[in-house]
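Below: one structure, written as structure tokens.
Indexing begins at 1, ligand by ligand and atom by atom, following the structure's order. Given the structure is predicted, the values throughout are model-derived calculations rather than measurements. Computed over heavy atoms, backbone and side chain alike; hydrogens, waters and symmetry mates excluded.
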Amino acid sequence: MIVLGIETTCDETAAAVVERRPDGRGKILSNVVRSQTSEHLAFGGVVPEIAARAHVEILDGIVQRALTDAGRKLSDIDAVAAAAGPGLIGGVIVGLTTAKSIALVTGKPLIAVNHLEAHALTARLTDNTPFPYCLFLASGGHTQILAVRGIGDYVLLGNTLDDAIGEAFDKTAKLLGLGYPGGPAVEKEAERGNAKRFELPRPMYGRPEADFSLSGLKTALRLEAEKIAPLNGQDVADLCAAFQLAVTDLVKDRIRAGLKLFRQRFGAPTALVAAGGVAANQEIRKTLHHRALEGGTVLIVPPAALCTDNGAMIAWAGVERLALGLTDRLEVAARPRWPLEEVIGKIKAA
Ligand code: KG4
Ligand code: ZN
């Protein structure tokens with residue numbers, strides 16, 4: 001089974017070809033990602049209209065390259081999958097419409113993939129992880145702890161009440177003049193910073209529910225920065241280190257609560273799986289690793305290139321859905337908002 005996957009929900013234009021072997025294991029035949037970082041750099045964040053236009057300009061070429069790299073023709077694929085949301089709607093429409101056109105021309109099935117579901121299932125592509133597992137999904141738009149029990153069977157255990165973790169990293173970077181995207185920049189600065197120099201709050205710490213709150217931390221950081229302005233290089237590094245330590249502490253505590261809720265409701269998870277761009281952060285990874293061991297399970301984190309947005313994860317979600325006969329009609333709509341719990345799978349549809 002071979003699926004072409006297309007991803008255009010944010011600022012990465014991506015396409016990939018993924019195969020599922022007879023034993024159920026996945027193989028990435030190609031994975032082409034083009035980041036629009038340079039287009040958005042001057043604005044300190046993603047500009048939706050610029051993103052949509054850039055997707056239009058290069059997507060056809062990216063799809064062509066994904067096929068060429070995989071050594072396949074359109075006639076070799078079994079289905080075409082595209083992220084149909086959630087995301088910036090202009091970009092989502094570009095990717096989904098392209099997939100619809102390919103489906104129409106080739107007569108192959110279309111699969112409208114939820115972008116979050118694709119992040120959630122990546123561990124099955126890379127590690128063949130069995131259900132049910134506990135998922136920590138942390139990206140620029142989402143911070144959630146979920147029970148992944150099957151395709152289309154996702155139970156929300158914890159959510160952010162305000163900002164996403166990636167968004168907090170991005171805003172911190174912007175405040176400190178580190179540019180965009182913020183996560184990697186803050187992580188790099190934090191390496192040479194003294195985290196103990198500033199006392200930052202850890203909202204929600206110790207609470208039994210598994211929710212997150214980041215906005216108080218963000219405000220506290222801004223106030224500390226204003227107190228010592230103008231900032232020199234060491235100030236920036238120290239602020240980054242303090243921020244990253246506070247977030248890492250929060251993740252540690254909130255995952256503890258999430259794993260506890262998981263066990264109470266569903267028994268032992270097969271793994272703690274991390275997904276989304278924030279999982280690229282080494283300190284957060286270390287914390288998740290310890291947390292998983294303490295919680296009697298293992299941590300699975302896909303390689304960084306598969307944690308951030310890419311086409312292979314969309315293609316793989318397409319593979320998983322195609323295997324269950326879950327294809328979509330050409331009329332399917334692009335969705336700016338599409339919570340993971342609303343994704344329908346076989347169990348709920350039956
Ligand atoms: O999953 P992703 O590529 O795109 C979304 O769907 O949002 O995640 C991007 C987010 C950005 O907010 C970025 O700052 C954050 O992930 N990120 C990081 C790191 N690398 C990316 N955050 C912390 N540390 C990192 N190393
Ligand atoms: Zn994403």
By number and element, which atoms of ligand 1 are closer than 4.0 Å to a non-hydrogen atom of [X]?
X      : value
Gly141 : 7 (O)
Gly166 : 12 (O), 14 (O)
Gly276 : 1 (O)
His119 : 1 (O)

Worksheet item: Parallel, tilted or perpendicular: which fits the ring planes of Phe212 and Phe136, with parallel below 30° and perpendicular above 60°?
Response: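 Correct class here is parallel.
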Around [atom], find the nearest protein heavy atom and jot down its residue, atom name and distance.
atom                    : result
atom 4 (O) of ligand 1  : Asp309 OD2, 3.2 Å
atom 26 (N) of ligand 1 : Glu187 OE1, 2.7 Å
atom 12 (O) of ligand 1 : Asp170 OD2, 2.7 Å
atom 24 (N) of ligand 1 : Asn281 ND2, 3.1 Å

Worksheet item: Hey, is the Zn ion (ligand 2) within less than 2.8 Å of some N/O/S atom on Cys10?
Response: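 Cys10 does not place any N, O or S atom closer than 2.8 Å to the Zn ion (ligand 2).
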Quick check: [X] and ligand 1, any N/O pair under 3.5 Å apart?
X      : answer
Gly140 : yes
Thr308 : no
Phe169 : no
Glu12  : no

Fill in: salt bridge (Lys or Arg N to Asp or Glu O under 4.0 Å) partner of Arg34, the single match among Glu7, Glu57, Glu39
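It is Glu39, the one option of Glu7, Glu57, Glu39 that forms the salt bridge (Lys or Arg N to Asp or Glu O under 4.0 Å) with Arg34.
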Worksheet item: Would His115 count as a contact of ligand 1 if the rule is a heavy atom under 4.0 Å away?
Response: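 Yes; His115 lies near enough to ligand 1 that a heavy-atom distance drops under 4.0 Å.
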Discussion item. Please confirm whether His142 approaches ligand 1 to less than 4.0 Å, judged on its heavy atoms.
Written reply: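 For ligand 1, residue contact (heavy atoms, under 4.0 Å) with His142 is absent.
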Smallest separation among heavy atoms of [X] and [Y], with atom names:
X      : Y      : result
Leu231 : Ala225 : CD2-O, 3.6 Å
Ala292 : Val298 : CB-C, 3.7 Å
Ala81  : Val113 : CB-CG2, 3.9 Å

Worksheet entry | Donor on one side chain, acceptor on other, Asp309 and His119, under 3.5 Å |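 Their side chains do contain a donor-acceptor pair, which is all the 3.5 Å distance test asks for.
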Item to complete: Could you give me the CA-CA distance, side-chain angles and deciding distance for Tyr133 and Phe262, then say whether ring pair (Phe, Tyr, Trp, His ring centres under 6.0 Å) is met?
Response: CA-CA 9 Å; Tyr133 51 86; Phe262 190 110; 8.8 Å; no
Worksheet entry | Any donor-acceptor N/O pair, Ser30 side chain to Ala66 backbone, under 3.5 Å |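 Side chain of Ser30 to backbone of Ala66, a donor-acceptor pair under 3.5 Å: yes, one is there.
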Worksheet item: So, does Thr129 use its side chain to make a donor-acceptor pair with the main chain of Ala123 at under 3.5 Å?
Response: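 Looks like yes, one N/O pair under 3.5 Å.
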Worksheet item: Given Arg202, which of Asp253, Thr248, Asp249 fulfils the side chain to side chain donor-acceptor pair (under 3.5 Å) condition?
Response: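 The option that passes is Asp249.
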Fill in: Residue Asp309 atom name (nearest to the Zn ion (ligand 2); N/O/S)
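Of all N, O or S atoms belonging to Asp309, OD1 is the one nearest the Zn ion (ligand 2).
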Worksheet item: Of all the N, O or S atoms in His119, which one sits nearest to the Zn ion (ligand 2)?
Response: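 Sorting the N, O and S atoms of His119 by distance to the Zn ion (ligand 2) puts NE2 first.
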Practice prompt. Test Leu214 against Glu167 for side chain to side chain contact (heavy atoms under 4.5 Å, CB included), laying out the working first.
Written response: CA-CA 9 Å; Leu214 276 302; Glu167 184 184 359; over 6 Å; no
Worksheet item: So with a 6.0 Å cut-off around CD of Glu199, is the heavy-atom count from everything else above 12?
Response: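 No, CD of Glu199 has 12 or fewer neighbouring heavy atoms, counting only those of other groups under 6.0 Å.
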Fill in: Winner among Pro181, Gly277, Ala173 once heavy atoms are compared against atom 8 (O) of ligand 1
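Ranked by closest heavy atom to atom 8 (O) of ligand 1, first place is Gly277.
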Practice prompt. From the options Ala304, Ala275, Ala279, Gly183, select the one whose nearest heavy atom is closest to atom 25 (C) of ligand 1.
Written response: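 The residue whose heavy atom sits nearest atom 25 (C) of ligand 1 is Gly183.
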